[in-house]
Amino acid sequence: MIPLPVDAHLNYGPMRMSLYTLAPGLTVMSEVFRDDLQGVYSRSQDTILIDRSMTYTRKRCTLVHELVHRMYQDEGHEREHRCRLMTARLLISPTEYALAERIYEGERFQMAEELNVTPEVIDDYREYLHDSGMLL
Ligand SMILES: [Zn+2]
């Protein structure tokens, strides 16, 4: 397994900048996708493609998602469920999540905005909490 080369709590710009030095073999490119795919990882080319038309928050989540596929050496979106749960765990800190949940009474859109993630990542984090027995 290739460890995540950057701190997943960085914003998108600084994360991409850090990757130049911390993961020199990896290529990250962005372009406008024609389909609704947000990103993809090619193991053979060690390249991540990110849809440039998304918000910075969504780009940040997508980049971490693709870095997790790289970490596990998945090809494309192989083993997607494992990737999503791990991505949510890397993007969200348990203490920040608990605080946001209390402040926003569990409202996922406001929590997502507060935590700088997409609502889908909030859903994935809740699934992780549920599966690990931390949430009933
Ligand atoms: Zn995926």
Side-chain angles (χ1 to χ4, degrees):
M1 189 155 62
I2 302 169
L4 208 71
V6 285
D7 178 358
H9 295 109
L10 289 172
N11 281 324
Y12 181 70
M15 203 185 298
R16 277 202 62 174
M17 288 303 291
S18 310
L19 285 170
Y20 283 113
T21 47
L22 298 175
L26 171 70
T27 304
V28 182
M29 298 192 297
S30 60
E31 58 184 55
V32 177
F33 290 6
R34 279 175 301 170
D35 51 27
D36 58 4
L37 206 65
Q38 302 182 352
V40 70
Y41 173 64
S42 163
R43 185 177 56 199
S44 57
Q45 299 177 50
D46 200 13
T47 297
I48 290 173
L49 272 176
I50 302 282
D51 183 354
R52 73 160 75 226
S53 64
M54 302 187 293
T55 64
Y56 279 106
T57 296
R58 196 166 283 277
K59 283 180 186 171
R60 175 176 111 87
C61 296
T62 302
L63 182 52
V64 172
H65 178 107
E66 301 310 331
L67 287 170
V68 170
H69 277 310
R70 180 177 187 258
M71 180 168 91
Y72 287 118
Q73 288 291 282
D74 297 330
E75 183 61 51
H77 289 280
E78 195 179 22
R79 291 169 285 198
E80 182 68 3
H81 187 247
R82 175 178 71 178
C83 177
R84 289 180 63 147
L85 295 195
M86 177 56 78
T87 300
R89 289 175 62 189
L90 288 167
L91 283 166
I92 293 176
S93 95
T95 49
E96 286 175 356
Y97 180 87
L99 186 63
E101 189 165 58
R102 204 167 70 221
I103 293 169
Y104 299 108
E105 298 176 336
E107 206 290 308
R108 64 196 275 277
F109 283 101
Q110 288 178 315
M111 289 177 66
E113 196 167 311
E114 175 70 29
L115 298 172
N116 190 20
V117 296
T118 62
E120 294 80 14
V121 170
I122 295 286
D123 296 340
D124 291 341
Y125 192 76
R126 283 178 173 163
E127 186 179 339
Y128 154 70
L129 289 179
H130 184 271
D131 290 354
S132 61
M134 285 188 257
L135 188 79
L136 298 175

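Whatever order the structure lists them in is the order used to number ligands and atoms, beginning at 1.
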Q: Among the N, O or S atoms of E80, which one sits nearest to the Zn ion (ligand 1)?
A: OE1

Q: How close do A8 and L91 get, heavy atom to heavy atom, and via which atoms?
A: O-CD2, 3.6 Å

Q: Looking at the Zn ion (ligand 1), which N/O/S atom of H77 is the nearest one?
A: ND1

Q: Anything under 3.5 Å between a donor and an acceptor, one on a side chain of residues 19-39, the other on a protein residue two or more places apart or in another chain? List them.
A:
from: T21; atom 1: OG1; to: S18; atom 2: O; distance (Å): 3.1
from: D35; atom 1: OD1; to: L37; atom 2: N; distance (Å): 3.2

Q: Counting backbone and side chain alike, does C83 bring an N/O/S atom below 2.8 Å of the Zn ion (ligand 1)?
A: no

Q: Which pair of non-hydrogen atoms, one from R108 and one from P119, has the smallest distance, and what is that distance?
A: NH2-CB, 3.4 Å

Q: Side chain of N11, backbone of G13: donor and acceptor closer than 3.5 Å?
A: no

Q: Which single N/O/S atom of H69 lies at minimum distance from the Zn ion (ligand 1)?
A: NE2

